[in-house]
2 protein chains.
Amino acid sequence: MGPTAEPGPRPSTIQDVAREAGVSRAAVSKVIRNAYGVSEHMRAQVTAAIERLEYRPRVAARAMRGASFTLGFEIPQVGNDFLTMIVDGATEALADTPYQMIIAPLGRDQKGDVAINSLADRQVDGIVAIAPRVDPAWLERVAERTPLVMIGRHDRSDRYDTITGDDRAGAEQVMSHLFDLGHRRIVHLTIHPSRPEPPWAGQAGAEPHVVRTAVYRERMTAAGLEPQVIHTMFDGSEAHAATRALLDSPDRPTAIFAGNDTLAVGVLSAVAEAGLDARDVSVVGYDDVPIARHPLVSLTSVDQSGITLGREAVRLLLERLAGRTESVRYESPAVLRARRSSAEPRQA
Amino acid sequence: MGPTAEPGPRPSTIQDVAREAGVSRAAVSKVIRNAYGVSEHMRAQVTAAIERLEYRPRVAARAMRGASFTLGFEIPQVGNDFLTMIVDGATEALADTPYQMIIAPLGRDQKGDVAINSLADRQVDGIVAIAPRVDPAWLERVAERTPLVMIGRHDRSDRYDTITGDDRAGAEQVMSHLFDLGHRRIVHLTIHPSRPEPPWAGQAGAEPHVVRTAVYRERMTAAGLEPQVIHTMFDGSEAHAATRALLDSPDRPTAIFAGNDTLAVGVLSAVAEAGLDARDVSVVGYDDVPIARHPLVSLTSVDQSGITLGREAVRLLLERLAGRTESVRYESPAVLRARRSSAEPRQA
DNA sequence: ATGAAAGCGCTAACAT
DNA sequence: ATGTTAGCGCTTTCAT
């Protein structure tokens with residue numbers, strides 16, 4: 001114990017407000033919740049008392065009986081630009097509602113379910129989560145108690161809503177684009193799949209990266225070409241290293257299709273450092289994050305409208321909060337944005 | 001009301017666990033808090049019951065009596081790479097503690113105090129906030145009730161801890177760097193100051209951007225040059241537009257010192273689009289965000305170690321939680337990272 | 001339209 | 001070492 005700092009006046013409670021306004025606690029509660037059955041006069045009294053006492057309801061106490069007016073977002077990485085777009089869309093959609101957003105990022109070595117649990121423990125009124133590898137059965141259990149919207153899952157549930165981009169169409173466009181430019185030696189670079197392969201994988205639902213990889217394989221095989229897939233961590237530095245190795249290989253690819261823009265930016269840095277350009281090695285990413293548009297980067301990518309994804313997630317959650325119980329599935333279209341990072345190969 | 005989905009089994013409470021283990025609620029409480037006075041045998045019983053019932057303590061209920069084991073972070077924008085670095089550092093520092101992090105981003109048109117309040121309402125055990133323009137007197141009131149660490153404030157308080165980079169030294173290095181290269185027509189581009197000027201401004205404390213701007217003015221004036229300061233919004237697109245205008249002006253600057261990297265990246269895009277390079281217009285940013293290191297961007301910037309800032313913030317907060325009451329001030333050194341975006345001007 | 005009273009799940013005294 | 005008890009601040013029946 002350090003020296004006892006005088007604790008300052010205890011923050012006022014609903015009881016204090018009731019006393020100050022000369023009414024009951026229940027009355028104050030009704031006023032702050034805009035509930036039915038308060039006279040104009042009482043509302044004015046109470047509102048004035050609230051101002052005077054600078055009263056703020058404790059969320060914890062509210063959550064124990066009613067709602068917390070909080071929506072929780074679980075996101076795997078704070079620094080990922082694509083996730084940022086989603087959060088921005090959500091923020092916008094939340095602007096004129098009484099709900100506050102809190103974000104639970106994953107801690108080091110943490111999996112998505114930990115952060116989702118932590119939001120549920122906090123009794124948020126609803127959860128939006130991006131957790132492609134969490135067991136759907138487990139998610140359904142969560143969704144029994146807390147309205148849940150999952151982003152980036154191709155499975156379908158009766159309990160929670162799902163939102164995805166059209167990963168199949170997006171990857172198809174990437175492959176067509178590269179083939180049309182004349183590329184044949186195309187390598188696909190993506191993040192490590194879960195190990196061990198979860199038992200529910202390979203069902204109807206597959207994570208976005210897996211879908212993109214599958215399309216890559218299909219298209220390569222259909223064109224009579226040998227697919228080559230390289231797995232890295234998600235942070236781009238491994239993508240950089242893997243690309244260096246590829247560039248030194250005897251049979252250097254003329255194009256690299258990266259599973260997302262974070263990886264693609266890492267790939268581009270290795271290409272640039274080697275003094276090569278798009279005519280030597282074309283690079284295509286996925287997500288169309290803001291930096292892809294930058295003239296110095298100019299990365300060809302697939303736009304699946306992260307902003308819309310976030311906005312829709314909130315909309316669906318608010319619908320559930322308003323009483324909807326049937327589950328909904330929303331798919332955002334994918335559009336290729338061709339830029340200077342992809343070009344016809346110098347040597348066929 | 002939609003159709004009533006059967007609500008699933010009510011999640012178990014501490015009471016259920018106590019019954020299952022054949023002990024009292026207090027005993028369970030002690031076990032989950034690792035408190036003093038539990039026998040090995042009881043611990044085993046209780047732990048087993050917890051597993052069996054999949055019991056998870058409700059944070060709201062805990063917060064009403066004891067601690068919520070939650071640390072709240074208020075950050076002005078989710079998409080800002082510098083803030084991301086801070087959060088990453090904090091995540092790392094939190095990894096082996098029982099504390100969970102939640103982030104309260106600002107809603108649209110929201111000010112920092114709203115999000116800080118929302119964290120306080122949630123009864124987090126401590127708050128880290130980045131809110132350069134919030135009234136220090138107000139912050140002290142918050143700090144009376146909730147341990148508080150402010151990042152990016154040059155003021156000093158007896159109530160809360162402050163963490164900053166050495167903005168004066170950083171800006172000095174930028175100006176020296178540009179002068180050494182031979183630049184004379186240097187424009188400073190930064191974010192809009194608060195309007196109206198808050199009454200507490202101009203005291204010992206000033207926000208980082210204001211300090212950087214002040215140093216710019218001092219150095220320009222000392223060199224017998226006319227300072228030119230342009231204000232924009234924080235998101236880079238206005239920086240882009242402002243730069244275009246500058247490039248078209250009869251008296252085009254040979255260097256632009258941007259108040260942070262987000263702005264600098266916007267400036268760079270305008271420079272690149274105009275077909276110009278560092279010999280025409282040099283660009284320097286501040287914060288040394290990851291993209292600055294990218295070979296295609298290669299932005300000269302000032303590294304104030306965002307990771308360290310975040311790590312220190314958590315360390316200071318944990319210290320306060322452990323009983324410290326005297327306030328602490330931490331300053332991170334600033335180091336210029338010269339890259340290809342700055343060079344000797346083609347024409348003196 | 002308003003108020004009284006019960007209780008949400010937990011922790012912290014205080015017993016024993 | 002363990003159990004009993006009294007609330008924390010709020011919302012929600014249920015009276016009036």
Side-chain angles (χ1 to χ4, degrees), chain A residues 1 7 9-47 49-50 53-70 98 120-125 145-146, chain B residues 1 7 9-47 49-50 53-70 98 120-125 145-146:
Chain A
M1 293 289 146
R10 163 178 79 46
S12 41
T13 72
I14 200 170
Q15 178 67 278
D16 299 328
V17 175
R19 194 181 309 115
E20 171 86 6
V23 300
S24 72
R25 291 182 317 195
V28 178
S29 177
K30 280 181 178 169
V31 170
I32 62 185
R33 284 176 300 123
N34 270 311
Y36 172 81
V38 266
S39 65
E40 265 321 304
H41 176 251
M42 164 162 282
R43 176 179 304 283
Q45 291 292 308
V46 170
T47 307
I50 287 176
L53 299 179
E54 297 183 347
Y55 166 72
R56 299 188 57 90
R58 235 79 107 221
V59 174
R62 305 187 80 167
M64 291 206 62
R65 298 294 282 158
S68 63
F69 291 102
T70 306
D121 295 344
R122 236 151 282 262
Q123 278 157 280
V124 295
D125 297 335
R145 321 235 88 261
T146 311
Chain B
M1 294 290 144
R10 163 180 76 49
S12 41
T13 71
I14 200 170
Q15 179 66 279
D16 300 327
V17 176
R19 194 181 307 115
E20 171 86 7
V23 299
S24 72
R25 290 183 317 197
V28 178
S29 178
K30 282 181 178 171
V31 169
I32 62 186
R33 285 176 297 125
N34 270 309
Y36 172 80
V38 266
S39 65
E40 265 322 303
H41 175 251
M42 165 160 282
R43 175 178 307 284
Q45 292 291 307
V46 170
T47 307
I50 287 175
L53 300 180
E54 296 183 349
Y55 166 73
R56 300 189 55 91
R58 236 77 110 222
V59 173
R62 305 185 80 168
M64 292 205 62
R65 296 298 279 154
S68 63
F69 291 102
T70 306
D121 295 344
R122 223 147 246 122
Q123 278 158 281
V124 295
D125 296 334
R145 322 238 86 263
T146 311

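Lettering of chains follows the sequences in order, A, B, ..., and the numbering in each one begins at 1.
The nearest pair of heavy atoms linking B:R58 to B:P11 is NH2-CG, 4.0 Å. Scanning all heavy atoms of the two residues, the minimum distance from B:M64 to A:A60 falls at CG-CB, 4.2 Å.
Along DNA chain C, the nucleotide nearest A:E40 and the nucleotide nearest A:M64 are compared for position; the residue whose nucleotide lies closer to the 5' end is A:E40. Nearer the 5' end of DNA chain D, as judged by each residue's closest nucleotide, is the contact made by B:R43, out of A:S29 and B:R43.
In this view, B:R122 and A:T70, B:S118 satisfy the side-chain hydrogen bond (donor to acceptor under 3.5 Å, both in side chains) rule, not counting sequence neighbours. A search for ring pair (Phe, Tyr, Trp, His ring centres under 6.0 Å) contacts involving B:Y55 returns nothing, not counting sequence neighbours. Every residue two or more places apart in sequence or in another chain was checked for a salt bridge (Lys or Arg N to Asp or Glu O under 4.0 Å) with B:R65, and none qualifies. Residues meeting the salt bridge (Lys or Arg N to Asp or Glu O under 4.0 Å) test with A:R43, sequence neighbours left out: none. A search for salt bridge (Lys or Arg N to Asp or Glu O under 4.0 Å) contacts involving A:E40 returns nothing, not counting sequence neighbours. Applying the side-chain contact (heavy atoms from CB on, under 4.5 Å) test to A:A26 and every residue at least two apart in sequence or in another chain returns A:S24. For A:R19, the salt bridge (Lys or Arg N to Asp or Glu O under 4.0 Å) test picks out A:D16, with sequence neighbours left out. Evaluation of the side-chain hydrogen bond (donor to acceptor under 3.5 Å, both in side chains) rule for B:S29 yields B:R33 as partners, not counting sequence neighbours.
Note that the CG atom of A:L53 and the CD1 atom of A:I14 stand 12.0 Å from one another [nearest 0.5 Å]. The distance from the OG1 atom of A:T47 to the CE atom of A:M42 is 10.5 Å, given to the nearest 0.5 Å.
Once you apply a 4.0 Å limit to the heavy atoms of chain A, the touched nucleotides of DNA chain D run 5' to 3' over D:dG9 to D:dT12. The footprint of chain B on DNA chain C, defined by a heavy-atom cutoff below 4.0 Å, extends from C:dG9 to C:dA12.
Side-chain atoms of B:T146 never come within 3.5 Å of backbone atoms of B:A120 as a donor-acceptor pair (strictly under, hydrogens ignored).
In this structure, B:G66 reaches the sugar-phosphate backbone alone: every heavy-atom distance under 4.0 Å involves primed, P, OP1 or OP2 atoms, never a base.
If you check residues 13-28 of chain A against DNA chain C, the residues with a heavy atom closer than 4.0 Å are A:V23, A:S24, A:R25, A:A26, A:A27, listed by number.
In the helix from C:dA1-D:dT16 to C:dT16-D:dA1, the end axes, each obtained as the rotation axis mapping the C1' atoms of four pairs onto the next four within a five-pair block, lie 30° apart to the nearest 10 degrees.
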